[in-house]
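Numbers here simply count residues along the sequence, with the first being 1.
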Amino acid sequence: MSTSPRVGIDALLEQVRSGLDRMDAADAHDAVRAGEILLVDTRYQALRDRDGLIPGALVVERNELEWRLDPDGSHRAPEATHHDLKVVVVCDEGYASSLAAASLHRLGLHRATDLIGGFQAWKAAGLPVTAPAVEPRPETAPETGAGAGSAD
């Protein structure tokens, strides 16, 4: 059994990113509007509920990504039509998406990349986002009624 040398996550991230043509939010937005890319949101449900969605993005949670985007796969999404498809993976802050894009490269999706800064960068750039499904809870609830704030 052969073993590979250990690589820390920071070194691995740097290594995989060197093979990606990463996109910033403004360029990704323009490319989506022009129909040049498939934007894939891999954030888990709680983050989508909390922060909302990017209109037009295909939602595929990270644990299903390779199965849904492999054009030759038996469980592929209808949008996964060919290996030349330019897929831009979106996670919350742009870390996990780099690793996910590298995994898609291994499946032959040679144009796969990710969104620099993830969903948070998209939102910070003022780009379109649908309203969250769940309103965020206030940091502190107002105290009302008898005994409010007591630890019964």
Side-chain angles (χ1 to χ4, degrees), residues 7-144 148 151:
V7 176
I9 188 60
D10 293 328
L12 178 61
L13 198 56
E14 185 178 326
Q15 180 184 20
V16 300
R17 284 178 172 171
S18 71
L20 300 176
D21 183 19
R22 303 181 77 213
M23 295 188 84
D24 66 25
D27 289 340
H29 179 254
D30 291 344
V32 166
R33 290 180 58 196
E36 298 170 350
I37 65 171
L38 174 62
L39 199 62
V40 180
D41 186 346
T42 62
R43 294 173 302 137
Y44 53 89
Q45 184 70 47
L47 290 177
R48 296 190 313 267
D49 287 346
R50 182 190 76 190
D51 295 336
L53 296 168
I54 297 172
L58 174 65
V59 174
V60 178
E61 290 199 19
R62 176 62 190 98
N63 63 323
E64 297 180 359
L65 185 68
E66 290 82 359
W67 283 268
R68 304 292 286 148
L69 291 184
D70 180 0
D72 295 331
S74 59
H75 297 342
R76 73 174 182 82
E79 295 86 350
T81 55
H82 53 83
H83 284 90
D84 197 43
L85 183 65
K86 182 149 187 181
V87 175
V88 178
V89 182
V90 179
C91 67
D92 195 49
E93 295 182 345
Y95 295 97
S97 57
S98 296
L99 300 173
S103 181
L104 294 177
H105 274 245
R106 289 191 296 275
L107 290 176
L109 291 156
H110 62 98
R111 297 177 67 205
T113 191
D114 74 322
L115 182 67
I116 298 166
F119 178 87
Q120 296 306 322
W122 180 280
K123 187 175 177 180
L127 297 171
V129 173
T130 62
V134 177
E135 288 299 317
R137 295 181 59 185
E139 292 297 319
T140 56
E143 297 181 335
T144 59

Could you work out, with side-chain contact (heavy atoms from CB on, under 4.5 Å) as the rule, every residue matching [X], not counting sequence neighbours?
| X | answer |
| --- | --- |
| Ala96 | Cys91 |
| Asp30 | none |
| Ala26 | Asp24 |
| Gln15 | Leu12 |

Might you point out which heavy atoms bring [X] and [Y] nearest each other, and give the distance in Å?
| X | Y | result |
| --- | --- | --- |
| Ile116 | Ala121 | O-CB, 3.4 Å |
| Asp41 | Ala57 | CB-CB, 4.3 Å |
| His105 | Gly19 | CE1-O, 3.8 Å |
| Leu109 | Leu69 | CD1-O, 3.4 Å |
| Val89 | Ala100 | CG1-CB, 4.0 Å |
| Asp114 | Arg22 | OD1-NE, 2.7 Å |

Going by heavy atoms in the side chains, are [X] and [Y] under 4.5 Å from each other?
| X | Y | value |
| --- | --- | --- |
| Leu104 | Leu65 | yes |
| Leu58 | Leu38 | yes |
| Phe119 | Leu47 | no |
| Asp92 | Gln120 | yes |
| Ile37 | Thr113 | no |

*Output all residues satisfying side chain to side chain donor-acceptor pair (under 3.5 Å) with Arg17, sequence neighbours left out; order by chain, then residue number.*
Ser98
_Thr130 side chain to Leu53 backbone, donor-acceptor under 3.5 Å_ =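 Yes; judged by distance alone, with no hydrogens or angles, the pair exists.
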_Thr42 side chain to Val60 backbone, donor-acceptor under 3.5 Å_ = no
*ring-ring contact (aromatic ring centres under 6.0 Å, His included) contacts touching residues 11-54 (sequence neighbours left out)*: His29-Trp122
*For residues 79-88, pull every pair meeting side-chain hydrogen bond (donor to acceptor under 3.5 Å, both in side chains), keeping only residues two or more places apart or in separate chains.*
Asp84-His110
_Please list all pairs meeting salt bridge (Lys or Arg N to Asp or Glu O under 4.0 Å) that have one or both residues in residues 61-73, counting only residues at least two apart or in different chains._
Arg48-Glu61, Arg62-Glu66
